[in-house]
There are 2 protein chains.
Amino acid sequence: MPNRGDRGGSRTRAHIADVATGLFLERGFDNVTIVEVAAAAGVSKVTVFAHFDRKEDLLLDRLPDVVEIARAAVRERADEVGPVEAIRRTLLALAAERHGLSALAEGIEPFLRMIRDAPTLIARLRAFENEVEVALAAELASDRRFSGDGALLAALVVAAYRIVAVETVRRRLAGDDLGGLAADHRERLNRAFEVLERGTA
Amino acid sequence: MPNRGDRGGSRTRAHIADVATGLFLERGFDNVTIVEVAAAAGVSKVTVFAHFDRKEDLLLDRLPDVVEIARAAVRERADEVGPVEAIRRTLLALAAERHGLSALAEGIEPFLRMIRDAPTLIARLRAFENEVEVALAAELASDRRFSGDGALLAALVVAAYRIVAVETVRRRLAGDDLGGLAADHRERLNRAFEVLERGTA
DNA sequence: ATGTTACCTTAACCCGGTAAGCTTACCGAG
DNA sequence: CTCGGTAAGCTTACCGGGTTAAGGTAACAT
């Protein structure tokens, strides 16, 4: 059954991603093959890879947004606010609005669980963490208001936030109440960033 | 040409690793296949994987030592020395003796270059970094002399040292003089750990 | 001699990912 | 209206890392 009139690149892409996400949630990321995804979406394996570079991107293709958010936080901060504080505020804002990228959105437990149980995805997130770090370091390097070791600061900020986020995810999956967890998340975030502020003052 | 009297598991293992390392240095890690390694070592592909879990372990199989060094630094420190200071001293000592694990040993430029140019190896190092972090966090969690967020501290320490080490490797491969670089390495290491000390005081 | 164990082999397979080349649909220009 | 280009698919075939199953042989003990 080849093409019928329903052509359309971005439609196909979204459809593949939807189907894939469903399968991954059902059976676990590492237990679903690309061929299965392709079959379920009614396309060929090659078409899947035409739309997504790696299997992990079927789920995590919005990750690059995070890089932009991080850069923007530093770039567009007020003059009297340091980069650490700017990022802290951005992260607090994301948490406050229960942004999909924070671990505090509603109904995402299955998603989080699936990621936690898939070594491949964890590895990808680790690599991505590095991308954020590099982007942040670049931003700081080109920032006239900042002098100091941008690479070091970027690495510390990213590491600190990862610790906060990972713990939040852990509690989330342990069944913690969402409201209490949000407050706790903010508190741990503030504590971690306090360390960085003190250290780099 | 099957077995001649030269049996011996660990001998074979070492031989495979040697041959592999030579090929990797010659042609780059990602340009050498396991089958080629096996052929050059006179064994079968399956045998290679019987001795090493992953291709990267052919080069990096001594990495677990680092974990032990890190744990020991924290565990066996004097009572009046905090964990950050203990790790700083250990890292300074490694640098001073030009330990193979520091980037300051002599004649390891080809090695460093090969790693830098192999995305696969970089990814493995990133994963390994995480192992160190987890081990360190566990050590801190079971340390009665330490109270605080062990996971956070572990992540910050590991991140800080990575920044220092990566920069040292970069300068090394840029041809910097080894003596001057060693001094510079110490200085950057001290500065980075100063940030952590101040932050966690 | 016989059995056990450790080591190795071949052969076949799985999965993620890439390459090459053909077909189908759509679109704009003559 | 047709011609041609481009974009999106397809199929087929391949590669490399990694796994599994089944079997052979040296060395060593009984």
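Below, read A as the first sequence line, B as the second, and so on, with proteins coming before strands; counting in each chain starts at 1. All values below were derived from every heavy atom in this structure, side-chain atoms included, with hydrogens, water molecules and symmetry-related copies excluded. Remember, predicted model here, so these are calculated numbers, not experimental data.
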Peer 1: Between B/T12 and C/dC8, does any side-chain N or O lie under 4.0 Å from OP1 or OP2?
Peer 2: yes

Peer 1: What is the nucleic acid contact for B/S44, judged by heavy atoms within less than 4.0 Å: base, sugar-phosphate only, or nothing?
Peer 2: base

Peer 1: Would you classify B/V37 as touching base, sugar-phosphate or nothing, given that sugar-phosphate means primed atoms plus P, OP1 and OP2, and contacts are heavy atoms under 4.0 Å?
Peer 2: nothing

Peer 1: Let me know the distance between CZ of A/R11 and P of C/dC26, rounded to the nearest Å.
Peer 2: 11 Å

Peer 1: So, is B/H51 near the phosphate of C/dC8, with a side-chain N or O under 4.0 Å from OP1 or OP2?
Peer 2: yes

Peer 1: Taking atom C1' of C/dA6 as reference, at what distance in whole Å does atom CZ of B/R13 sit?
Peer 2: 16 Å

Peer 1: Supply the atom-to-atom distance B/L189 CG to B/E167 CD, rounded to the nearest 0.5 angstrom.
Peer 2: 13.0 Å

Peer 1: Should A/R171 and A/D184 count as an ion pair when the cut-off is N to O under 4.0 Å?
Peer 2: yes

Peer 1: Any Lys/Arg nitrogen of B/R172 or B/E109 sitting under 4.0 Å from an Asp/Glu carboxylate oxygen of the other?
Peer 2: yes

Peer 1: Expressed in angstrom and rounded to an integer, what is the separation of A/D57 atom CG from C/dG16 atom C1'?
Peer 2: 13 Å

Peer 1: Any side-chain heavy atom of A/V74 within less than 4.5 Å of one from A/F146?
Peer 2: no

Peer 1: So do B/T47 and B/I16 actually touch side chain to side chain, heavy atoms under 4.5 Å?
Peer 2: yes

Peer 1: Reckon B/V32 touches a base, only the sugar-phosphate, or nothing at all at heavy-atom distances under 4.0 Å?
Peer 2: sugar-phosphate

Peer 1: Report for the helix from C/dA1-D/dT30 to C/dG30-D/dC1: angle between first-end and last-end helix axes, five pairs each, rounded to 10 degrees.
Peer 2: 10°

Peer 1: Do the side chains of B/E129 and B/R126 get close enough for a salt bridge, i.e. N-O under 4.0 angstrom?
Peer 2: no

Peer 1: Can a salt bridge be assigned to the pair B/R75 and B/D143 using a cut-off of 4.0 Å between side-chain N and carboxylate O?
Peer 2: no

Peer 1: Which whole-number value in Å describes the distance from B/L58 CG to D/dG16 P?
Peer 2: 16 Å

Peer 1: Is the closest basic N to carboxylate O distance between B/R162 and B/E133 below 4.0 Å?
Peer 2: no

Peer 1: Report, one pair per line, the protein and nucleotides 17-20 of chain C atoms (nitrogen or oxygen only) whose separation is under 3.5 Å.
Peer 2:
| from | atom 1 | to | atom 2 | distance (Å) |
| --- | --- | --- | --- | --- |
| C/dG17 | OP2 | A/K55 | N | 2.8 |
| C/dG17 | N7 | A/K45 | NZ | 3.0 |
| C/dG17 | O6 | A/K45 | NZ | 2.5 |

Peer 1: Going through the distances and angles, do A/D65 and A/R62 end up as a side chain to side chain contact (heavy atoms under 4.5 Å, CB included)?
Peer 2: CA-CA 6 Å; A/D65 296 357; A/R62 290 237 192 125; 3.8 Å; yes

